[in-house]
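Everything on this sheet refers to the single structure shown next.
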2 protein chains.
Amino acid sequence: MGITKTDLFSTEQNELAQLAKAFAHPARIAILQYLAKTKSCINGTLVQELGLAQATISQHLRELKELGLIKGSIEGVSVNYCLNEEKWERVSALFNGLFDQLTQSCSSGDCC
Amino acid sequence: MGITKTDLFSTEQNELAQLAKAFAHPARIAILQYLAKTKSCINGTLVQELGLAQATISQHLRELKELGLIKGSIEGVSVNYCLNEEKWERVSALFNGLFDQLTQSCSSGDCC
DNA sequence: TAATTACATTGCAATATTACGATTAATAAA
DNA sequence: TTTATTAATCGTAATATTGCAATGTAATTA
């Protein structure tokens, strides 16, 4: 059906899954890394940088923006995108929590 | 097209994206968390636990297994699944590296 | 051997994602 | 005002994902 049964899961599980989707495409990872590198928050240079079509990059940017991971401010004709600082604290906290939970289980040595 | 242009991106970006897909569904997060909790590495109790059909759970388990995140060993009629300890070190290292990279950028204060 | 149990696989339907050309909207420059 | 320039949006095609019923497979039990 292609539709996720979100009602079966906890808010946190759904939130993690939603955020993970942002990272589930190499272009979006590349975009985030590029924004981290060029702190000046460059925009459609990404099209040249990544080699995808303008419409495709725009689509990826929208997804990242909708999740609150980046924000964009209009700068004349172009748009300045940059990482949304506040959000990243929650994101890394959520994922670190998950990884801690999972790796702790392993280190306790009861795994098969 | 629904097909990702992996050749445009680095090995690490593609690896991160691939792994993120594992977390991009709440059922798979729930499965991993359940395996972490019941270290005894329980199997298709998941069907009752999660409320999805047997075939659906089996499919999610296969995806996690193909990524090397879990492993399963036959135990008579049933199968014991558990977290694959070695893999988790690499996974958390990769994601921590990404988050460090992104949050460091923010804390340096040049964001818009 | 026959029936049962526990999963995996197959086949299918519904929806989501990825990608891009074409179009549109808005600002800047001529 | 006309003409770029920049990027969002629309429409469409191809592929991927999610979910389940039905079926297949292998080990266990009667």
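Every chain is numbered from 1, with letters handed out A, B, ... down the list of sequences. Both backbone and side-chain heavy atoms feed into the values below; hydrogens, waters and symmetry mates do not.
The distance from atom CD of B:Gln54 to atom C1' of D:dG19 is 12 Å, rounded to the nearest whole Å. Atom NZ in A:Lys21 sits roughly 9 Å away from atom C1' in D:dT17 (whole-Å rounding). As a whole-Å value, the separation of B:Ile57 CD1 from D:dA21 P is 13 Å. When the C1' atom of C:dT9 is taken as reference, atom NE2 of B:His60 falls 16 Å away, rounded to whole Å. Atom-to-atom, CG of A:Asn80 to C1' of D:dT6 comes out at 12 Å; the value is rounded to the nearest Å. The distance from atom CD of A:Glu75 to atom P of D:dA8 is 14 Å, rounded to the nearest whole Å. In this structure, the CD atom of A:Glu66 is 12 Å from the P atom of D:dA8, given to the nearest Å. Going from atom CG of A:Leu50 over to atom P of C:dC20 covers 11 Å, rounded to whole Å.
In this structure, A:His25 and A:His60 have tilted ring planes: the angle between them lies in the 30° to 60° band.
Contacts of B:Ser58 with the nucleic acid, taken as non-hydrogen atoms under 4.0 Å apart, include base atoms. Looking at heavy-atom distances under 4.0 Å, A:Glu63 makes contact with sugar-phosphate atoms alone, never a base. In this structure, B:Thr56 reaches the bases: a heavy-atom distance under 4.0 Å links it to at least one base atom across the strands shown. Among the protein residues, A:Ala53 comes within range of the sugar-phosphate backbone only, with heavy atoms under 4.0 Å from sugar or phosphate atoms but none that close to a base. B:Thr4 comes within 4.0 angstrom of the backbone, heavy atoms only, and of no base. Note on B:Leu52: only backbone sugar-phosphate atoms sit closer than 4.0 angstrom, heavy atoms only; bases stay farther off.
With hydrogens and angles ignored, no donor-acceptor pair under 3.5 angstrom links the side chain of B:Gln59 to the base of C:dA8.
Each of A:Ile3 and A:Ala55 has a nearest nucleotide on DNA chain D; the 5'-most of these lies closest to A:Ala55. In terms of position along DNA chain C, the nucleotide closest to B:Lys65 lies nearer the 5' end than the nucleotide closest to the other residue of the pair B:Lys65 and B:Phe9. Each of A:Lys5 and A:Val77 lies near DNA chain D, and the nucleotide nearest A:Val77 is the one positioned closer to the 5' end.
Summarising the geometry of A:Ala27 relative to A:Leu52, their closest heavy-atom pair is CB-CD1, 3.8 Å, with the distance given to 0.1 Å.
Taking only side-chain nitrogens and oxygens, B:Tyr81 never comes nearer than 4.0 Å to OP1 or OP2 of C:dA6. Regarding contacts with the backbone of D:dA8, every side-chain N or O of A:Arg62 stays at 4.0 angstrom or more from both OP1 and OP2.
Ring centroid separation for the pair A:Phe99 and B:Phe23 comes in under the 6.0 Å cut-off.
Taking 4.5 Å as the limit, some side-chain heavy atom of A:Arg62 sits within range of a side-chain heavy atom of A:Glu66.
B:Arg28 contributes atom CZ, which lies 11.0 Å from atom CD1 of B:Ile57 (distance to the nearest 0.5 angstrom).
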